Undergrad: 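Sending over a structure as structure tokens; questions will come in a sec.
Keep in mind the model is a prediction, meaning the values are calculated, not measured.
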Amino acid sequence: MDIRDAVEADAERLAELTGSPQDVMRNLVHDRTVRVATDGETIEGFVSYDAREETVHVTQLEGTDGVRDRLLGEPIRFADSEGMAVELLVPEDEGATRDTAEDAGFERTGSGPTFEGQPTVRYRLDPS
């Protein structure tokens with residue numbers, strides 16, 4: 001499995017993975033850092049994130065368990081190199097994503113905002 005920067009042409013597959021419109025995913029590729037995991041020519045998952053102040057904010061993480069593990073390493077490595085913390089919001093009902101975050105060393109720091117009626121949990125990984 002390879003991990004690379006997303007390009008605009010990836011928007012269709014990112015939309016399939018999220019159920020979001022292609023134009024939303026195209027904007028995501030332009031507005032955030034987006035890394036995709038590929039198996040050959042097929043995108044198996046992606047992570048999007050941005051950095052503000054002293055924190056890297058993971059905005060989306062999609063893929064199977066093993067793919068999410070590898071992808072979450074991308075913003076963590078960036079944050080480590082910059083001495084920044086990483087934050088991730090996980091919908092309460094996404095146990096697999098919660099497990100991925102906890103396996104990577106993230107700690108639950110409280111409730112996050114509600115998106116489309118779905119409560120979230122805030123996770124944080126402080127710099128080592």
Undergrad: Under a single-linkage rule joining Ile, Leu, Val, Met, Phe, Trp and Tyr whose side-chain heavy atoms are separated by less than 4.5 Å, which residues share a cluster with I43?
TA: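 L14, L17, V24, M25, L28, V29, V34, V36, F46, all in the cluster of I43.
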Undergrad: Closest heavy-atom contact between L89 and G112?
TA: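 Smallest interatomic distance, heavy atoms only, reads CD2-CA, 4.1 Å.
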Undergrad: Which heavy atom in Q22 sits nearest to a heavy atom in A11, and how many Å separate them?
TA: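 Shortest heavy-atom contact: O-CB, 3.8 Å.
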Undergrad: Kindly indicate whether the side chain of R32, heavy atoms from C-beta on, has any atom under 4.5 Å from the side chain of T59.
TA: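 Yes, side chains in contact.
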Undergrad: Would you indicate whether the side-chain heavy atoms of T114 and T120 approach each other to under 4.5 Å?
TA: no
Undergrad: Pairing donors with acceptors under 3.5 angstrom, does anything connect the side chains of Q60 and Y49?
TA: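 The criterion, which ignores hydrogens and geometry beyond distance, is not satisfied for Y49 and Q60.
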Undergrad: In Å, rounded to the nearest 0.5 Å, how long is the span from CZ of R70 to OG1 of T64?
TA: 11.0 Å
Undergrad: Any donor-acceptor pair under 3.5 Å linking the side chain of T18 with the backbone of S20?
TA: yes
Undergrad: Is the closest side-chain heavy-atom distance between F106 and I76 below 4.5 Å?
TA: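 When only atoms from C-beta onward are counted, I76 and F106 do touch, with a gap below 4.5 Å.
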Undergrad: Quick one: closest heavy-atom pair of S81 and F78, and the distance?
TA: OG-O, 2.8 Å
Undergrad: Under 6.0 Å from the CD atom of E102, do we count more than 12 heavy atoms belonging to anything else shown?
TA: yes
Undergrad: If you look at every heavy atom in P75 and V86, which pair is closest and at what distance?
TA: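 So the minimum-distance heavy-atom pair works out to O-CG2, 4.1 Å.
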Undergrad: Excluding sequence neighbours, so at least two apart, what forms side-chain hydrogen bond (donor to acceptor under 3.5 Å, both in side chains) with T33?
TA: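 T33: no side-chain hydrogen bond (donor to acceptor under 3.5 Å, both in side chains) contacts found.
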Undergrad: Do Q118 and E92 have side chains that get closer than 4.5 Å, going by heavy atoms?
TA: yes
Undergrad: L72 and A104: which non-hydrogen atoms are nearest, and at how many Å?
TA: CD2-CB, 4.0 Å
Undergrad: Atom CZ in R13, atom OG1 in T42: separation rounded to 0.5 Å?
TA: 7.0 Å
Undergrad: With rounding to the nearest 0.5 angstrom, report the CD to CG distance, E94 to D99.
TA: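 Going from CD on E94 over to CG on D99, the span is 11.5 Å.
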Undergrad: Side chain to side chain contact (heavy atoms under 4.5 Å, CB included), that's the test. Do Y123 and V90 meet it? Break it down for me.
TA: CA-CA 8 Å; Y123 283 88; V90 179; 3.8 Å; yes
Undergrad: Determine the minimum heavy-atom distance between A15 and P21, stating which atoms define it.
TA: CB-C, 4.1 Å
Undergrad: Please answer whether the main-chain N or O of T100 pairs with a side-chain N or O of D103 as donor and acceptor at a distance below 3.5 Å.
TA: no
Undergrad: Going by the rule side chain to side chain contact (heavy atoms under 4.5 Å, CB included), which residues pair with A37 if we only count those two or more places apart in sequence or in a different chain?
TA: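 For A37, the residues satisfying side chain to side chain contact (heavy atoms under 4.5 Å, CB included) (neighbours in sequence not counted) are M1, I3, V67, L71.
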Undergrad: Salt-bridge test for R124 and E107: reply yes if a basic N is under 4.0 Å from a carboxylate O, no otherwise.
TA: no
Undergrad: Answer yes or no: is there an ion pair linking D65 with R68, defined by an N-O contact shorter than 4.0 Å?
TA: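 Yes, this pair counts.
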Undergrad: Between D10 and R4, is any pair of side-chain heavy atoms under 4.5 Å apart?
TA: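 The answer is yes, as the side chains (C-beta and beyond) meet within the 4.5 Å cut-off.
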Undergrad: Roughly how far apart are R35 CZ and D2 CG, rounded to 0.5 Å?
TA: 10.5 Å
